[in-house]
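Down below is the structure, laid out as structure tokens.
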Amino acid sequence: MTLDLQGVFSPLTTPFETGGPVSIADLTRNVGLYNRTALAGYVVLGSTGEAVMLSRAEADSVLAAVKATAGAGKILLAGTGAESTAETIQRTQRAADLGYPAALVKTPHYYKPQYKSEALIAHFRRVADAAPIPILLYSVPQFTGISLEAAEVAALAEHPNIIGIKDSSGSVQRLSEMLAAAPPSFQTLSGSASTLYSSLAAGARGAILALACVLPELCVELYAAYRAGHQERAQKLQELLLPASKAIVAGPGPAGVKCGMDLRGYAGGAPRSPLLPVSEGVRQEIQKVLAALPAREVACA
């Protein structure tokens, strides 16, 4: 049975203790709070989780902690993409061993000029062939400089072990092209809170949103309103999301998400060097945006 990826997923941040080690205590506290929301599940070791900053041992500890803490019914997706095909396969096997039902695999990107369509397709097919769990493609061009195109997605969607894609391009047109090219069973998830309503209208199955780390209730409410046919309500909620997405995610990245979490009562903390915490001016702007939301939208779970 194919994993059903309806709903909104939070790509969990990785909290760090003063001095640098991963804070498993803060991580499990955050997951405990998110368990009280209607989030469909969590992505572990994604871009928002600063996965590229973690050692293999740290990554394993994060995977294990979230698996042990996630609430019943929460779907867990493990970020397992690496620069080499062999390493990606090893990480995916490790996630499967820890009980994760699916993996999110980003595009390799270091050798950009050599990563033409045939290289990317061959990479993902080899990973899918070897993976003991289903995989989702992950296109995040703002970080990798590489976008998966509709024709590549259509070719990869033919593989029985590739069940969907997270598209973080922020382009509804690109997402729509993927939806048109892939079969109906292929699950396309939006990675952009600023285009969530439009992405759902285009046919996205769900969403993996960094903003859901800060405002899970608001993101879930928009999704639920759209699915219930309450279009006007969904559009109004999207209008509320726009300034928050811009102030918290689009510019500051993981540091902005962590700042927003701190302001809402979650354990955010500082990002790992060489990333820097947000400036005082950015923190005040994020605080202003959060304060402008209706009180019920910002009450920590």
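For reference, positions follow the sequence shown, starting with 1.
- In this structure, Tyr226 OH and Ser199 OG are separated by 10.0 Å, a value rounded to the nearest 0.5 Å.
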TODO: Tell me, with the steps shown, if Arg56 and Arg91 meet side chain to side chain contact (heavy atoms under 4.5 Å, CB included).
DONE: CA-CA 9 Å; Arg56 284 293 299 275; Arg91 293 185 185 188; 4.0 Å; yes
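- Side-chain atoms of Tyr197 and Gln231 form a donor-acceptor pair, as typed in the model, at a separation below 3.5 Å.
- In this structure, the side chain of Ser139 engages the main chain of Leu148 through a donor-acceptor pair within 3.5 Å.
- Counting heavy-atom neighbours within 6.0 Å of Lys246 NZ, excluding the residue itself, gives a total of 12 or less.
- Summarising the local packing, CD of Gln114 is surrounded by more than 12 heavy atoms from other residues, nucleotides or ligands at distances under 6.0 Å.
- Taking both residues in full, the closest heavy atoms of Gln187 and Leu5 are given as OE1-N, 2.8 Å, listed atom of the first, atom of the second, then distance.
- Within 6.0 Å of the CZ atom in Arg227, the count of heavy atoms belonging to other residues, nucleotides or ligands exceeds 12.
- No chain of hydrophobic side-chain contacts below 4.5 Å, direct or via other Ile, Leu, Val, Met, Phe, Trp or Tyr residues, connects Ile163 to Phe186.
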Task: Phe16 vs Leu54, side chain to side chain contact (heavy atoms under 4.5 Å, CB included): CA-CA, chis, key distance, verdict - done: CA-CA 11 Å; Phe16 299 106; Leu54 305 181; 3.8 Å; yes
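- Under the 4.5 Å side-chain heavy-atom criterion for Ile, Leu, Val, Met, Phe, Trp and Tyr, Val214 and Val8 are members of the same hydrophobic cluster.
- Counting heavy atoms from C-beta outward, Val31 and Leu12 have side chains that approach closer than 4.5 Å.
- With rounding to the nearest 0.5 angstrom, the OG atom of Ser61 is 4.0 Å from the CD1 atom of Ile24.
- There is no side-chain donor-acceptor pair under 3.5 Å between Ser194 and Ser245.
- Nearest approach of Tyr34 to Tyr42, heavy atoms of both residues: C-OH, 3.2 Å.
- Counting only distance, with no hydrogens or angles, the side chain of Ser55 and the backbone of Glu58 share a donor-acceptor pair below 3.5 Å.
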Task: Candidate pair Glu17 and Asp26, rule side chain to side chain contact (heavy atoms under 4.5 Å, CB included), full reasoning - done: CA-CA 9 Å; Glu17 298 176 8; Asp26 283 337; 5.9 Å; no
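- Note on Arg283 versus Glu280: salt bridge recorded, some NZ/NE/NH1/NH2 to OD/OE distance being below 4.0 Å.
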- [ ] Please step through side chain to side chain contact (heavy atoms under 4.5 Å, CB included) for the pair Tyr100 and Val44, ending with a clear verdict.
- [x] CA-CA 10 Å; Tyr100 280 71; Val44 189; 3.7 Å; yes
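- A 4.5 Å side-chain heavy-atom check between Val127 and Thr85 finds at least one atom pair inside the cut-off.
- Contact record, Val105 with Thr80: CG2-OG1, 3.5 Å, taken as the closest heavy-atom pair.
- Looking only at distances, no side-chain donor or acceptor of Glu87 sits under 3.5 Å from a matching main-chain atom of Ser84.
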- [ ] Could you walk me through whether Glu177 and Gln173 pass the side chain to side chain donor-acceptor pair (under 3.5 Å) test, one step at a time?
- [x] CA-CA 6 Å; Glu177 291 170 351; Gln173 178 179 339; 3.2 Å; yes
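- In this structure, a donor-acceptor pair under 3.5 Å is absent between the side chains of Glu50 and Thr14.
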